[in-house]
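Convention: sequence-line order gives letters A, B, ...; per-chain numbering from 1.
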Amino acid sequence: MGGILVIAEQRRGELRPVSLELITAAQGFRAAGDAVAVALLAADPARLVDPLKVAGVDEIITVQTAATEFDPDVFEAAVGALISARNPSVVLIAHSIDSFGYAAALAARQGFGFATDVFKVERIDGELVATRGGYGQKVCVEVDFPGRSTVLLAVRATVFKAPDGAGSPAVTSFAAPSVVSRAESGDFIEASAADDVDMTAAEFILTIGRGVGEEAKIAQFRELADVIGATLGCSRPIADAGWLPKSRQVGQSGKTASACQLYIAMGVSGAIQHLAGMKHVSTIIAVNSDAGASIFGVAKYGIVGDIFEIAEELRRHF
Amino acid sequence: MKILVAVKQVAALDEDFVIGADGRDVDAEFLIRDLNEWDDFSLEEAVRIKEAAADPVEVVVVSIGPEEADEVLRKCLAKGADRAMRIWDEAVAGSDPIAIARILAAVARQEAPDMLLAGVQSSDHGFASTGIATAGFLGWPHGAVVASLAYTPGEKSAVFRRELEGGLLHQVKIQCPAVLTIQAGINTPRYASLRSIKQAAAKPIEVRTLADMGMSAHEVGEQGSLSHVRRMYIPDKGHAQLIEGSAAEQAKRLAGIIRAFKGEA
């Protein structure tokens with residue numbers, strides 16, 4: 001049958017923004033006659049239909065699920081059944097924590113073409129080609145899917161923009177198969193805030209990363225942040241080691257620097273999960289001893305050098 | 001009781017790396033190999049479960065890779081794994097994570113562990129697919145991005161918290177045996193002592209071929225993969241404007257940018 005199927009993502013009754021980004025991603029490679037259908041899996045999908053009525057969507061398919069929240073068995077069965085029924089040539093899903101929980105199992109069992117963390121999708125001579133990063137994003141890798149009639153692509157968030165303009169898609173429903181899940185959803189828990197900092201509100205952030213090397217060096221940067229008037233943030237390894245509280249972690253599993261205008265990253269390599277929380281900041285300054293660090297790819301200004309030396313010299317000016 | 005831990009020898013790039021002649025991967029000469037960071041956390045989690053259990057628990061590590069992967073398996077033995085297995089065959093070269101998962105599923109069927117742990121993703125290619133695809137082939141319950149875990153080997157279920165975007169946690173109870181992918185930061189991995197490194201060097205690594213696993217060549221490598229690498233290339237380098245000069249000069253410029261931002265300049 002062909003066409004493109006987009007799997008929207010919701011959590012606790014809210015549509016996640018990546019759902020709209022997937023719709024934009026679909027426009028980039030749709031062939032003439034390719035319909036774009038967006039499937040919405042939720043306990044009460046009708047509630048979330050309106051925000052998906054955007055330009056580029058031909059059909060919204062509501063799939064009522066027995067589970068209120070994400071459940072790997074329920075989602076795998078529902079998406080699998082929908083793909084069997086519609087037989088799309090391409091299925092777009094978010095590269096997200098939820099999709100980590102079932103997309104690979106679905107692709108493996110059904111033999112779909114499959115690639116994750118895709119940031120570019122195109123057709124080259126009619127062939128579907130997806131591009132992803134490799135070796136810590138230092139290279140780009142183009143993959144294709146010879147002989148696969150259905151290809152499942154997990155697309156990176158914040159690469160595509162939400163579509164402009166409204167649409168008037170048809171709204172249909174699909175009956176999900178009933179499955180007995182082997183997982184039981186419990187509570188949602190906010191990671192405990194060890195201090196009351198709000199990274200999402202900070203306008204000026206000084207972030208430190210793995211390059212700091214040892215806990216004893218944290219104090220130097222804490223003092224520097226205070227003196228220059230910045231909020232001290234960190235990348236994942238620093239929070240994982242317990243050197244700074246999780247509430248100061250910027251990135252996909254931490255906080256997004258939503259209000260930030262000046263972001264100084266010291267000793268941060270620029271893992272894709274970190275960039276997700278800060279790459280939008282208008283002025284990013286990266287200080288790193290590795291000239292090849294990915295952080296320089298999103299920074300406005302770069303200093304290739306020793307972070308301790310730069311920190312010490314910078315301190316003299318305040 | 002048994003916990004199977006899947007580990008990968010990952011590769012980081014040497015500073016001046018080049019793409020190999022076929023244009024599909026980095027020239028192997030420029031790869032620096034080590035144990036995947038996430039796998040260090042999943043091994044530690046398995047060893048802690050073993051240490052806390054009243055009944056004997058065996059921690060078995062398995063890696064799919066050529067002989068050089070023995071290095072990471074010895075590291076795992078030194079950090080508390082009881083046994084190490086390595087599966088390899090020339091036909092496995094070129095496998096994507098799904099083909100690797102098919103082999104891991106065969107290992108799990110032979111070893112019949114009570115729980116299978118894998119890292120959320122690998123630090124080199126970040127597919128975040130291998131563990132959950134293995135669960136798919138096995139038909140086992142599975143959970144991804146586990147940031148805390150309460151599990152006693154032999155129990156019929158485990159309770160874990162998966163780490164969602166924004167740091168939100170979601171508690172899930174899952175039936176066992178299951179496949180769980182472990183998030184970095186779930187614990188603090190131990191360092192191997194000199195004594196345990198020495199002991200690990202003397203331990204055997206069980207090497208198996210595809211035939212030993214009852215598998216054939218077409219199930220692995222490019223034929224057994226769900227994607228095919230067309231081309232690998234080095235993207236245009238970042239557009240950061242470099243601030244040159246001595247550290248003092250660089251810091252002075254940086255101070256100027258900060259002052260301008262704060263409206264002090």
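Comparing B:G143, B:G139, B:A12, B:S123 by heavy-atom pairs within less than 4.5 Å of chain A, the highest count is held by B:G139. Put simply, of A:I189, A:D240, A:V143, the one with the most heavy-atom pairs under 4.5 Å next to chain B is A:I189. Highest contact tally toward chain B, considering only A:D71, A:L106, A:T116, A:V151, is held by A:T116 [criterion: heavy-atom pairs under 4.5 Å].
In this structure, the portions of A:S96 lying under 4.5 Å from any heavy atom of chain B include both its backbone and its side chain. Of the two parts of A:T256, neither the backbone nor the side chain holds a non-hydrogen atom closer than 4.5 Å to a non-hydrogen atom of chain B. Looking at A:I285, the atoms closer than 4.5 Å to chain B (heavy atoms on both sides) all sit in the side chain, from C-beta outward. For A:Q249, no part sits under 4.5 Å from any heavy atom of chain B, backbone or side chain. Contact of A:V129 with chain B is made through the side chain alone, with heavy-atom distances under 4.5 Å. In this structure, chain B has heavy atoms under 4.5 Å from both the backbone and the side chain of A:D98. Contact of A:F112 with chain B is made through the backbone alone, with heavy-atom distances under 4.5 Å. Contacts of A:R315 with chain B are absent, with no heavy-atom separation under 4.5 Å from either backbone or side chain. Heavy atoms of A:Q273 lying under 4.5 Å from chain B belong exclusively to its side chain. If you measure heavy-atom distances from A:R316 to chain B, you find no contacts under 4.5 Å at all. Residue contact with chain B, scored on non-hydrogen atoms closer than 4.5 Å, involves the backbone of A:K300 exclusively. In this structure, chain B has no heavy atom under 4.5 Å from any part of A:I295.
Of the options B:H170, B:K173, B:Q171, a side-chain hydrogen bond (donor to acceptor under 3.5 Å, both in side chains) to A:S185 is made by B:H170 and by none of the others. B:R230 pairs in a salt bridge (charged side-chain N to carboxylate O under 4.0 Å, His left out) with only one of the listed residues (A:E142, A:E122, A:E127), which is A:E142.
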Legend entry - side chain to side chain contact (heavy atoms under 4.5 Å, CB included) between A:F188 and B:L169, intermediate numbers included: CA-CA 6 Å; A:F188 286 89; B:L169 299 167; over 6 Å; no
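Interatomic distance, A:F100 CZ to B:S129 OG, rounded to the nearest 0.5 Å: 8.0 Å. With values rounded to the nearest 0.5 angstrom, A:K255 atom NZ is found 12.0 Å from B:E165 atom CD.
Here B:E37 does not pair with A:R236 in a salt bridge; the nearest charged N to carboxylate O distance is not below 4.0 Å.
Heavy-atom minimum distance, A:R132 versus B:G126: NH2-O, 3.4 Å.
For the pair B:R162 and A:F70, the NZ or CZ position fails the cation-pi test of under 6.0 Å to the six-membered ring centre and within 45 degrees of the ring normal.
Aromatic ring centres of A:F145 and B:H228 lie farther apart than the 6.0 Å criterion allows.
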